[in-house]
Amino acid sequence: MPELPEVETVRDGLARHVLDRTVLDVEVFRDYSVRRQEGGPEALAAELVGRRFAAVARRGKFLWLPLAGVTSADSPARALMAHLGMSGQLLLNRPGRADGGLRARGPHVRVRLLLGPEDDLLVLDFVDQRTFGHLSTVVLVPTADGHPGGWGTGDALVPAPAAHIARDPLDPAFDEDAVVDQVRRRHTGIKRALLDQTLVSGVGNIYADEALWRARVHYARATDTMRPAQVREVLRCATAVMSESLVVGGTSFDALYVDVNGSSGYFSRSLQAYGRAGEPCPRCGTPIRRVAFMNRSSYFCPKCQRLR
DNA sequence: TTCCGCACCTGCCGGC
DNA sequence: TGCCGGCAGGTGCGGA
């Protein structure tokens with residue numbers, strides 16, 4: 001499932017291949033995948049064709065590609081924004097390649113962009129089996145703190161639909177003290193707080209469980225009973241687990257998550273708790289438990305992560 | 001204002 | 001063999 005390391009892997013891959021390329025054509029095969037596009041699929045194509053990608057940026061799990069061009073008060077900066085949702089992929093192919101060229105199209109390709117120049121064509125496919133992801137063009141607005149909007153951009157701009165998303169722990173402008181304070185002021189469980197993208201972004205179900213296992217904190221521990229040092233430790237464990245995952249290209253359980261070249265990450269081999277129900281805790285040997293939580297699953301060690 | 005539950009969506013898998 | 005329900009889970013919205 002695409003969480004921060006997976007999205008950053010995709011962002012990095014896109015930055016290597018699509019910068020300064022011009023959009024020659026846009027095909028939308030599934031309208032639902034552009035449901036947030038004002039004006040629908042036709043508006044998406046109309047806005048993108050002929051435009052050039054000036055950067056590839058990310059905040060949390062939101063990706064955006066600012067469109068090059070002169071901006072003004074009447075014509076603010078805009079970008080192509082993508083969210084991968086549960087199963088989204090952005091795959092690059094050369095036209096004519098047997099496994100994904102212009103003629104061959106997989107069953108889950110929802111949107112296809114043809115990128116120039118004419119003598120070096122590139123196909124960018126938005127593939128999304130479960131269709132929780134989406135693409136749309138958006139207006140860029142100034143960041144609240146005046147710092148760059150996210151990774152991959154020096155501009156203090158962020159997509160309007162992602163302006164409420166907090167910075168992630170790997171962001172140079174991430175304010176750990178402020179987040180610790182905000183978390184402790186909430187009256188909720190620590191895992192809910194970790195998954196709240198308006199508090200800290202980029203953390204999904206997998207890395208939340210892994211961070212809490214490392215920090216030896218129960219997923220339901222009340223945030224307003226935690227000491228600052230405990231919250232700080234959870235955040236640092238989240239940072240560490242995501243940093244380690246980023247090095248190996250993210251977590252992958254199956255073909256649902258791949259980078260822009262279609263390669264899977266290897267971090268799933270390093271998971272200590274997530275998806276290991278019944279297996280011995282690597283620390284104490286107690287069987288890992290799985291419980292239903294927030295319409296999903298939580299994995300934890302009942303001995304190392306006691307609810308006090 | 002804050003918190004929580006649920007719908008959205010598709011494909012896989014196990015049980016019957 | 002085919003049908004059905006459960007499960008996977010990020011985000012946004014409505015209700016409490």
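Values reported hereafter were calculated over all heavy atoms of this structure, with side chains retained and with hydrogens, waters and symmetry mates removed. The chains referred to below are lettered A, B, ... by the order of the sequence lines, with proteins before strands, and numbering in each begins at 1.
- With C/dA8, C/dG10, B/dC9 as the choices, the nucleotide that has an atom nearest any side-chain atom of A/Lys61 turns out to be C/dG10.
- Residue A/Arg36 places its side chain closer to C/dG12 than to any other of C/dG12, C/dA8, B/dC9.
- When the P atom of C/dG10 is taken as reference, atom CD of A/Gln89 falls 16 Å away, rounded to whole Å.
- Nearest nucleotide to the A/Tyr299 side chain, out of B/dC9, C/dG12, C/dA8: C/dA8.
- Using a cut-off of 4.0 Å between Lys/Arg side-chain N and Asp/Glu carboxylate O, A/Asp25 and A/Arg112 are scored as not salt-bridged.
- B/dT1 atom P lies 15 Å from atom CD of A/Gln182, rounded to whole Å.
- Distances shorter than 4.0 Å separate some side-chain N or O of A/His83 from OP1 or OP2 on C/dT11.
- In terms of phosphate contacts, A/Gln129 brings no side-chain nitrogen or oxygen within less than 4.0 Å of OP1 or OP2 of B/dC9.
- Across all strands, A/His164 comes closer than 4.0 Å only to sugar-phosphate atoms, never to a base (heavy-atom distances).
- Ring pair A/Phe62/A/His83 is perpendicular by interplanar angle, where above 60° counts as perpendicular and below 30° as parallel.
- The list of side-chain hydrogen bond (donor to acceptor under 3.5 Å, both in side chains) pairs with a residue in residues 150-167 of chain A, not counting sequence neighbours, reads A/Asp145-A/Arg167, A/Arg167-A/Asp171.
- C/dG10 atom C1' lies 13 Å from atom NZ of A/Lys191, rounded to whole Å.
- Closest to the side chain of A/His108, out of B/dC8, B/dG11, C/dA8, is B/dG11.
- Considering only side-chain N and O atoms, A/Ser297 lies under 4.0 angstrom from the phosphate OP1 or OP2 of C/dA8.
- An OP1 or OP2 oxygen of B/dC9 is reached within less than 4.0 angstrom by a side-chain nitrogen or oxygen of A/Tyr32.
- With sequence neighbours left out, A/Arg232 forms a salt bridge (Lys or Arg N to Asp or Glu O under 4.0 Å) with A/Glu176, A/Asp177.
- Between the CG atom of A/Leu4 and the P atom of C/dG10 there is a distance of 12 Å, given to the nearest Å.
- Under the side-chain contact (heavy atoms from CB on, under 4.5 Å) criterion, A/Ala77 pairs with A/Thr71, A/Leu140, A/Leu157, sequence neighbours left out.
- Under a 4.0 Å N-O distance rule, the pair A/Asp181/A/Arg185 qualifies as a salt bridge.
- Rounded to a whole Å, the CG atom of A/Leu84 is 21 Å from the P atom of C/dA8.
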Would you mind writing out the side-chain donor-acceptor pairs for residues 113-122 of chain A within the sub-3.5 Å range, not counting sequence neighbours?
| unit_1 | atom_1 | unit_2 | atom_2 | d |
| --- | --- | --- | --- | --- |
| A/Asp120 | OD1 | A/Arg94 | NH1 | 2.6 |
| A/Asp120 | OD2 | A/Arg21 | NH2 | 2.9 |

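- Regarding A/Leu195, its CG atom lies at a distance of 9 Å from the C1' atom of C/dG10, rounded to whole Å.
- With A/Trp213 as the aromatic partner, A/Arg283 meets the cation-pi criteria of under 6.0 angstrom to the ring centre and within 45 degrees of the ring axis.
- The strand DNA chain C forms stems, runs of 3 or more Watson-Crick or G-U wobble pairs with distances below 3.5 Å, at B:2-16 with C:2-16.
- If you take CG of A/Leu199 and P of C/dG10, they are 16 Å apart, rounded to a whole angstrom.
- Side chain to side chain, A/Arg290 and A/Ser297 meet the donor-acceptor criterion of an N or O pair below 3.5 Å.
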Pairs: protein N or O with nucleotides 3-6 of chain B N or O, under 3.5 Å:
| unit_1 | atom_1 | unit_2 | atom_2 | d |
| --- | --- | --- | --- | --- |
| B/dC3 | OP1 | A/His187 | N | 2.5 |
| B/dC3 | OP2 | A/Arg186 | NE | 2.9 |
| B/dC3 | OP2 | A/Arg186 | NH1 | 3.4 |
| B/dC4 | OP2 | A/Thr188 | OG1 | 2.6 |
| B/dG5 | OP2 | A/Arg192 | NH2 | 2.6 |

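- No salt bridge links A/Lys61 with A/Glu8; every basic N to acidic carboxylate O contact stays at or beyond 4.0 Å.
- Between the CZ atom of A/Arg130 and the C1' atom of C/dG6 there is a distance of 13 Å, given to the nearest Å.
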